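All of these numbers come straight from a predicted model, not from anything done at the bench. Residue numbers start from 1 in every chain, and the chains themselves are labelled A, B, ... in the order their sequence lines are given, proteins ahead of strands. Below, all heavy atoms of this structure are taken into account, side chains as well, without hydrogens, waters or symmetry copies.
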Amino acid sequence: MASIVAATPWSRIRTITKLELAPPIFLQSSVYYCKRRRFSVAASLSTNTNKVDGQVRVRFAPSPTGNLHVGGARTALFNYLFARSKGGKFVLRIEDTDLERSTKESEEAVLQDLSWLGLDWDEGPGVGGDYGPYRQSERNSLYKQYADKLLESGHVYRCFCSNEELEKMKEIAKLKQLPPVYTGKWATATDAEVQKELERGTPYTYRFRVPKGGSLKISDLIRGEVSWNLDTLGDFVIMRSNGQPVYNFCVTVDDATMAISHVIRAEEHLPNTLRQALIYKALGFSMPYFAHVSLILAPDRSKLSKRHGATSVGQFREMGYLPQAMVNYLALLGWGDGTENEFFTLKQLVEKFTIERVNKSGAIFDSTKLRWMNGQHLRAIPSNELTKLIGERWKSTGILTESKGPFVDEAIQLLKDGIDLVPDSDKALSNLLSYPLRDTLTR
RNA sequence: UGGGAGGUCGUCUAACGGUAGGACGGCGGACUCUGGAUCCGCUGGUGGAGGUUCGAGUCCUCCCCUCCCAGCCA
């Protein structure tokens, strides 16, 4: 589409039609094209076209379908550090459009885990804000409004295909070893045909009409330029037949209407960016900056999952890990400040963090190093705080009858060098108290 | 398979095109009754093949390997 080609210097997303790609004229014009691109890139770097007085606004958007995964925690942490280091806002949004798997308990647990880590949010559940509601399930009218706008503009159409028809399309695609691309049966339907199905009461979804030909390009803050050919993508669903909106549509409307300036999220969402960018354009929203962070991996280099052992923040909390150790370790799993220092407080991380130093390749979660790092942080705790932490534990678990006093103080000082986790102190104290002192003393 | 993203010691992470370092782990030693902490030493790497260059982990080409996505999940 020629109109899309006419990108302004301030545009970061560029769609290239096939005409421009045609050789050999393309070769001749490549220098000119590169100059234009360089100019446009420079312009976009120097001119922040994003909203709210150019303020940095980032978001962490967990789905409340389970506990906070360490991968999610790391994503939240990078967003938090980015916002705080730029003097921006850290927004929390609950993505609960999956009504069957989302629970209130999960949401509460996620919020507690974020708080425990020290990642306080500026807007979202519990604190409010100017861009609410901050749960997707409470924003349905907004999605409906924008979906209808897309229907009116022709970017979206009603698709009456049954599940059976869609399955057949998928099987055919599979035989051809291609991804299941919608063949566009209802994309060209007449108003009469549509009206007929509506009168019949046939269920339908809303499908986004993907432009034919060309490509789309983003400039990822971590990975550089990423592009996709549009012919690899078929028309995709944005609203289900039950009226529930689909994730890619929700997240785009949410990020745009919440004035999010930087979308910093896990790499698994990189393929989604193509769809979302098309929705941004169709709705006339300004495109945010994107940064796709690598995944945290298991030792076999697959995505870290439950079958690999502990994976949720809550589990590590129960095992006795300190929040400051978790935060320090997770930050270094994919980021470094360029020096050989590895010990940071959350405050120091805010001061040091830059998105440019986030690594592209996935990192394997190393429980052994986390334990060592917890020991370092444990021994860095001031004596009075450590006494309070461990003394209260000894009392609440019944090992001792008092949580403070000279005995507790001395015992902690004596034992702290021999433990890495707070619960290790239980056994350490028991060992100390069971020492055969009388048999050892000389008379 | 299609699309996309990646590849530096076992793991994490450094290294403006200019001596491949640090941390964890492992092994050994000092301290110590033992362990732990602390300190010291050792081990160990640029996926492969070409190319550009005085010089390549870094730039280019090809190959190999790994990961993510391909739900009316998120």
Between [X] and [N], is there a side-chain N or O to OP1/OP2 distance below 4.0 Å?
X: A:Arg275; N: B:G4; answer: no
X: A:Asn272; N: B:G4; answer: no
X: A:Lys416; N: B:U38; answer: no
X: A:Arg357; N: B:A14; answer: yes
X: A:Gln136; N: B:C73; answer: no
X: A:Ser294; N: B:A5; answer: no
X: A:Arg371; N: B:G25; answer: no
X: A:Trp372; N: B:C24; answer: yes
X: A:Asn341; N: B:G22; answer: no

> A:Gly334 or A:Asp417: which one's nearest nucleotide on RNA chain B is closer to the 5' end?
Replying inline: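 By nearest-heavy-atom nucleotide position, the 5'-most residue is A:Gly334.
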> 5'-most contact on RNA chain B: A:Asp300 or A:Ser162, nearest heavy atom basis?
Replying inline: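 Comparing both residues, the 5'-ward one is A:Asp300.
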Is it true that [X] and [Y] have ring centroids separated by less than 6.0 Å?
X: A:His262; Y: A:Phe78; value: no
X: A:Phe353; Y: A:Phe344; value: no
X: A:Phe316; Y: A:Phe365; value: yes
X: A:Phe285; Y: A:Tyr146; value: yes
X: A:Phe343; Y: A:His377; value: yes
X: A:Trp121; Y: A:Phe90; value: no

Sticking with atom [atom1], work out how far [N] lies from [M], rounded to a whole angstrom.
N: B:G57; M: B:U46; atom1: P; result: 10 Å
N: B:G50; M: B:G44; atom1: P; result: 25 Å
N: B:C59; M: B:U66; atom1: P; result: 23 Å
N: B:U43; M: B:G22; atom1: P; result: 11 Å
N: B:U58; M: B:G21; atom1: C1'; result: 16 Å
N: B:C67; M: B:G55; atom1: P; result: 37 Å
N: B:G4; M: B:C9; atom1: C1'; result: 29 Å
N: B:A20; M: B:U13; atom1: C1'; result: 13 Å

Students often get this wrong, so: under 4.0 angstrom with heavy atoms, is [X] touching a base, only sugar-phosphate, or nothing?
X: A:Glu342; answer: base
X: A:Asn163; answer: base
X: A:Thr273; answer: nothing
X: A:Lys170; answer: sugar-phosphate
X: A:Leu415; answer: nothing
X: A:Gln376; answer: sugar-phosphate
X: A:Thr232; answer: sugar-phosphate
X: A:Asn242; answer: nothing
X: A:Thr97; answer: sugar-phosphate
X: A:His292; answer: nothing

Atom [atom1] of [X] to atom [atom2] of [N]: distance rounded to whole Å?
X: A:Leu414; N: B:U32; atom1: CG; atom2: P; answer: 17 Å
X: A:Leu330; N: B:U11; atom1: CG; atom2: P; answer: 19 Å
X: A:Asn248; N: B:G4; atom1: CG; atom2: P; answer: 18 Å
X: A:Lys217; N: B:G3; atom1: NZ; atom2: C1'; answer: 17 Å
X: A:Leu68; N: B:A74; atom1: CG; atom2: P; answer: 19 Å
X: A:Ile296; N: B:G6; atom1: CD1; atom2: P; answer: 18 Å
X: A:Asn431; N: B:C33; atom1: CG; atom2: P; answer: 18 Å
X: A:Asn374; N: B:G36; atom1: CG; atom2: C1'; answer: 15 Å

Counterpart base for [N], defined by Watson-Crick or G-U wobble contacts under 3.5 Å:
N: B:C12; answer: B:G22
N: B:U1; answer: B:A70
N: B:C39; answer: B:G29

> Taking atom NZ of A:Lys168 and atom CD of A:Glu164, what is their separation to the nearest 0.5 Å?
Replying inline: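 One finds 8.5 Å between NZ of A:Lys168 and CD of A:Glu164.
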>> So, taking the atom named CG in A:Leu150 and the one named CG in A:Leu283, what distance separates them when rounded to the nearest 0.5 Å?
In response: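 One gets 4.0 Å once the value is rounded to the nearest 0.5 Å.
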> Minimum heavy-atom separation for A:Cys250 to A:Thr97, with atom names?
Replying inline: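 Distance-wise, the nearest heavy atoms are SG-CG2, 3.8 Å.
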Which nucleotide in the list [options] gets nearest to the side chain of [X]?
X: A:Asp366; options: B:A37, B:A5, B:C24; answer: B:C24
X: A:Trp228; options: B:G4, B:C72, B:C68; answer: B:G4
X: A:Ser361; options: B:A74, B:C72, B:G6; answer: B:G6
X: A:Arg101; options: B:G71, B:C72, B:C73; answer: B:C73
X: A:Ala363; options: B:A23, B:U13, B:C72; answer: B:U13
X: A:Leu270; options: B:A37, B:C69, B:G4; answer: B:G4
X: A:Val226; options: B:C69, B:G4, B:A74; answer: B:G4
X: A:Leu333; options: B:A74, B:C12, B:G3; answer: B:C12
X: A:Arg223; options: B:A5, B:A23, B:C73; answer: B:A5
X: A:Pro179; options: B:A70, B:G3, B:C72; answer: B:A70

> When you check the glycosidic angle of B:G71, does it come out syn, meaning within 90° of 0, or anti?
Replying inline: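 In terms of base orientation relative to the sugar, B:G71 is syn.
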>> Whether A:Lys104 and A:Glu108 form a salt bridge (side-chain N of Lys/Arg under 4.0 Å from carboxylate O of Asp/Glu) is what I want to check.
In response: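 Between A:Lys104 and A:Glu108 there is no salt bridge, as every charged N stays at least 4.0 Å from the carboxylate O atoms.
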> Is a donor-acceptor pair below 3.5 Å formed from side chain A:Ser241 to base B:C72, judging by atom type as modelled?
Replying inline: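 Such a pair is found, so the answer is yes.
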